[in-house]
Every structure is written in C-alpha cells, then in structure tokens.
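One-based numbering, in listed order, for ligands and for the atoms of each.
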Amino acid sequence: MAIQTQNPATGDVIKTFDAHTDAEVDLILAKSVVAHEVLRDWSFEKRADHMRKAAKILRDEADKLGKIVTLEMGKTLTSAIAEVNKCALGAEYYADMAESHLADEVVRTDAAKSYRAYQPLGPVLAVMPWNYPIWQVVRFAAPALMAGNTGLLKHASNVPQCALYIEDVFKRAGFPDGAFQTLLISGGKVERVLRDNRVKAATLTGSEPAGASVAAICGQEIKPTVLELGGSDAFIIMPSADLDAAIATGVKARNQNNGQSCIAAKRFIVHADIYEEVRERLVKATQALKIGDPMKKDTDVGPLVNEAARKEIASQVEAAVKDGARLLTGGKVMDGDGWYFEPGVIENIPKDSKAYYEEIFGPVAALYKVDNIDAAIELANDSPFGLGSSIWTTDKSEQDKAIRNLQAGATFVNAMTASHPALPFGGIKRSGYGRELAAEGIRAFCNVKTVYIA
Ligand code: NAP
C-alpha cells in the first residue's frame, strides 16, 4: 500500500511519502535503544513534566492537527478536534498516574522484604490503524513513555502526516531523541522489525489478519503482544429504557467516525414490545443525519476512508439482503466525488448468512427482535467478537444479567461504549487480548519483577 495522503472527501492524492529503507529503519531502532537507556533513568516526575508538555502542545494545536486528521481519513473536523483534545487528557492521566500504577508493591512473605517492581522492557512496536489516528497512538505512547519504554510507530499507510506530527509532538515536548519515532514502512516490512532483537514487544490495533500475523511472529520470537482487533458490539434495548436517550445514543454510536469505530454499536437487539417503535425512530434518525464535507461544522457523517472500504461495506449489505435480510434505509454508495456512503439500517440478517457474523466497519446498523433478556444476551454472544457491549434498561435484574453474561471486554449500562483513560480497554474472543489504558495499559509492557531480599 502506498504511503500517502489521499483525501477521502475528493479522492485526490495530496502528498506521497518515500518509505524508510532497511538502513533507515536500523538507524531508528538503534536510536530507540539509546533513548530507552536515557528514559529509564528519568524519574517519574521528569517524565511527567514532559508528558504534560506534550498534552499542552496537543491541546494548543488541536485545530491544526484536527484538520490533518480530517484530510487524511475523512472524519468530521469537529470529531477530529475532540479526538486530539481527548489525547491531551490521556497524556495528562498518565503524567498523573504512572508513578502510582508502577509503584513497588510490598508482599509479606518469609523474606525480610519482598515486593513486585514494574520495570520497562525497552523499544515497543505499535502497529496502528487510521480510524482514530491520534488517539490510538497516544493511548499507546503515553503509558509507554511514562513507564520508561520507547515507542516505534508503524502507522496505517494512509495517515503518514498524522504519524509524523505525533512524533514531532513528543520531540517538542522534550523527550529524549528517539524516544518516540515513526517508521514509514508497509505492513509487509513489519516482520523484519518484529524479529529484530532490539524490539522487545508489540501492540497492534487493527484487523484480525494483521493481528494474527503480528502475534504469530512474536510467538516465534517469544515477545509479548497486545491485540486490539475488530468488534461487532451489541446495543440491547429493553422496554424499561429511556427510548429518547437510547435511540439518540444508538444512532450516534453507530455513525460516529463515519461508522468506522471498533466499538461502534453494530447490532441493535431490541425487545419485541418496543421493536416497531424503535425501528421506526432509528430509521428516521438515521435518515436525518447530514452527510457531506467533513470539514463543515454541521456535517454528521463524512466519507468512508477509501474506495476499497466502501466497496466492501456495500457488498456486505448486498450479500445480507440476498440472504434474506431487509434493508430499511440507506446502505448504498452515493454518487459523486469522494467515498460517500449513505448510512443504513438493515433488519433480520439470517443466522445462516455470513454477514450475521461479520463486522460491518461502516455506517450500517443491523436490527434484531428478541422476546426477553436471555434471548438478547444469547444473540449478543452469538458472535466471534467480544469487544464492547451496551444495554439500555432500568431493570436492575436485567442490568445484572447483562453485566454477568455478556461476552465482551466492556459492558456499558444506559450509556454508549467509549474508551476512558482511567478504565481498561480491550476485548475477548476474536476481538483480541490484553488491555490498554488505566493501570493495565501501563503494566502491559513492563517486566513484573519479583524482588526477594532475605
Ligand atoms: P488493518 O488493515 O489491519 O491495518 C491496521 C494496521 O496494521 C495498519 O498500520 C496496517 O498497515 C497494518 N497491517 C496490515 N496488515 C499487516 C500485516 N500483515 N502485518 C503487519 N501489519 C499489518 O486494519 P484496518 O482495516 O485499517 O482497520 C480496521 C480494523 O481495525 C477493524 O476491524 C476495526 O474494528 C479494528 N480496530 C480495532 C480497535 C480496537 O481498539 N479494538 C480500534 C480501531 C480499529 P498498512 O496501512 O500499511 O496496511
């Protein structure tokens, strides 16, 4: 895949980049090792000072960086600016919390003193996707640097300007030269980096094939990995729910980021008593979304990321309909320049259709009717994925059942699934393993050293 900025709103190629040569990659890895030697000796206080500087740069430059995000991957400018501001919060969270998350933990044994110590591993490779091109990176980089690791970013090939910008943010924030670097390489060049002895661990956010490949290579090299992969999150609505809030949130949760979010509400599972009403209102609210130029303030949904993604989603919808599902609105490629796609609602994808099990990584809501909470949970769990989940009910016993039985890395009750720096984020089943954010995120790439002093 060419490393280039191609505007999804027009299809125009704006800028192309030369990939780093193997020799350049080697130099970057060497710098990463040296920077780790420096950073591991910095106090938490010093690391935090620089992390706060990075947060300030992000906040000060949110508008400028937001425009680059929108230009490269097509999300609305409003949401791109919000994403950059969220990154500032994430950086500040780890500036504040790293020391306590990684403090020695004394354990009483027969030793004079015994404890757990969290120590950095060294250079960590992060393979990242384009859909939240700044947040995905910062949620890796902030804990990595605060732990004393160094970061190597292999970003998606369509967001090189975002990748280089973030590298520059950490440089300007005063981190050691080489502490956070971007590798401009294709997916095919990742193996060479993973097999390099200087790289100690890897994290990948993206698709299943890419995750499986990185994990297989790291398995052979005995290197730890965290995988954040796809999702097909359930959004369950029960009769006691506040329907105004559930529908407004559901439409947002499905269509935000132009429908390209791993934790988007993808499968709406609705109790029979309210099904007809929810269906009608969901369709109306979807039709009311304003689709258009993502740079404009009043746009709700911009273009999809590229032509291939648009074709893939259109063909998933067509296949589902062929298998017996009913398309209630939208779900179609739009005419004109750019990769616009009309947000859709589809109902009753049959269980024997391939589409029933797939992730639809675009703005199409799949609707299902169920008779009770047990059936809702059973349907929600009938998926290879297990990332997030959301349930709307004021009935405490239904809430408890959902929290206990939904097979997912997160269950949000009367709220939209979202990431928060203080809460662990990740999935189970084919959505991946390991956790980012919170204490789990910063400990993921630490050596949990047992110390025993007789
Ligand atoms: P993708 O094709 O897997 O790309 C993600 C990253 O992996 C890119 O940097 C890509 O580089 C790289 N890559 C691709 N194939 C690779 C390989 N064989 N070896 C090493 N690296 C490789 O993912 P996508 O389709 O752009 O992203 C959408 C997917 O990501 C969806 O399934 C979505 O649900 C998931 N996602 C998950 C989370 C989460 O937190 N769980 C968050 C966001 C997105 P190139 O661009 O150079 O190919």
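Considering H155, M128, E208, R139 only, the shortest heavy-atom separation from atom 40 (O) of ligand 1 involves R139. Between atom 36 (N) of ligand 1 and the options C262, A163, G427, the minimum heavy-atom separation is to C262.
Centroid-to-centroid, the aromatic rings of H101 and Y93 come within less than 6.0 Å.
For ligand 1, the polar-atom distance check finds no N/O of S261 at less than 3.5 Å from any of the ligand's N/O atoms. In terms of polar-atom proximity, E359 is counted as a contact of ligand 1, with an N or O under 3.5 Å from an N or O of the ligand. Between W130 and ligand 1, a contact under 3.5 Å exists for at least one N or O pair.
No heavy atom of Y132 sits closer than 4.0 Å to any atom of ligand 1. In this structure, Q260 has no heavy atom closer than 4.0 Å to ligand 1.
Taking atom 35 (C) of ligand 1 as the reference point, the nearest protein heavy-atom neighbour is G206 O, 3.3 Å. Atom 23 (O) of ligand 1 has S207 N, 3.4 Å as its closest protein atom, hydrogens excluded (heavy atom only). Atom 43 (C) of ligand 1 has as its closest protein heavy atom Q136 NE2, 3.1 Å. For atom 13 (N) of ligand 1, the closest non-hydrogen atom of the protein is A210 CB, 3.8 Å. Here the protein heavy atom with the shortest distance to atom 12 (C) of ligand 1 is V127 CG1, 3.6 Å. Scanning the protein for heavy atoms near atom 48 (O) of ligand 1, the closest one is M1 SD, 4.1 Å.
The line from CD of Q136 to SG of C87 is 9.5 Å long, rounded to the nearest 0.5 Å. Interatomic distance, CD1 of I373 versus CD of Q399, reported as 9.5 Å (0.5 Å rounding). With rounding to the nearest 0.5 angstrom, the CG atom of D96 is 11.5 Å from the CE atom of M51. The CG atom of N258 lies 8.5 Å from the NZ atom of K75; values are rounded to the nearest 0.5 Å. Atom CH2 of W392 and atom CE of M238 lie 14.5 Å apart (nearest 0.5 Å). One distance of note links OG1 of T70 with CG of D293; it measures 9.5 Å at 0.5 Å rounding.
Contacts between L229 and ligand 1 below 4.0 angstrom, taking non-hydrogen atoms only, involve the backbone exclusively.
Salt bridge K401/E398: absent, no basic N to carboxylate O contact under 4.0 Å. A salt bridge links R195 with E221: at least one charged nitrogen is closer than 4.0 Å to a carboxylate oxygen. Using a cutoff of 4.0 Å between basic side-chain nitrogens and carboxylate oxygens, R192 and D26 are scored as salt-bridged. Taking a cutoff of 4.0 Å between a charged side-chain nitrogen and a carboxylate oxygen, K189 and D22 qualify as a salt bridge. A salt bridge does not link D400 with R404: every distance from a Lys NZ or Arg NE/NH1/NH2 to an Asp or Glu carboxylate oxygen is 4.0 Å or more.
Each of the atoms 41 (N) of ligand 1 lies under 4.0 Å from some heavy atom of L387. Atom numbering of ligand 1 starts at 1 in the shown order; those under 4.0 Å from a heavy atom of S157 are 45 (P), 46 (O), 47 (O). Near G187, the atoms of ligand 1 lying under 4.0 angstrom from a non-hydrogen atom of the residue are 19 (N), 20 (C), 21 (N), 22 (C), 47 (O). Taking every non-hydrogen atom of N131 and a distance limit under 4.0 Å, the qualifying atoms of ligand 1 come out as 43 (C), 44 (C). For ligand 1, the atoms closer than 4.0 angstrom to any heavy atom of K154 are 9 (O), 11 (O), 45 (P), 47 (O). Per-residue contacts place T205 under 4.0 angstrom from the following atoms of ligand 1 (heavy atoms of the residue considered): 5 (C), 37 (C), 38 (C), 39 (C), 40 (O), 42 (C), 43 (C). Set against the non-hydrogen atoms of F361, the atoms of ligand 1 under 4.0 Å away are 28 (C), 31 (C), 33 (C), 34 (O). Near V190, meaning under 4.0 Å from any of its heavy atoms, are these atoms of ligand 1: 20 (C), 21 (N).
Counting only heavy atoms, the protein never gets under 4.0 Å from atom 4 (O) of ligand 1.
Nearest heavy atom pair, residue E358 against residue Q316, reads OE1-NE2, 3.1 Å.
Remark: R139 is positioned above the aromatic ring of F425, its terminal NZ or CZ atom under 6.0 angstrom from the ring centre and at most 45 degrees off the axis.
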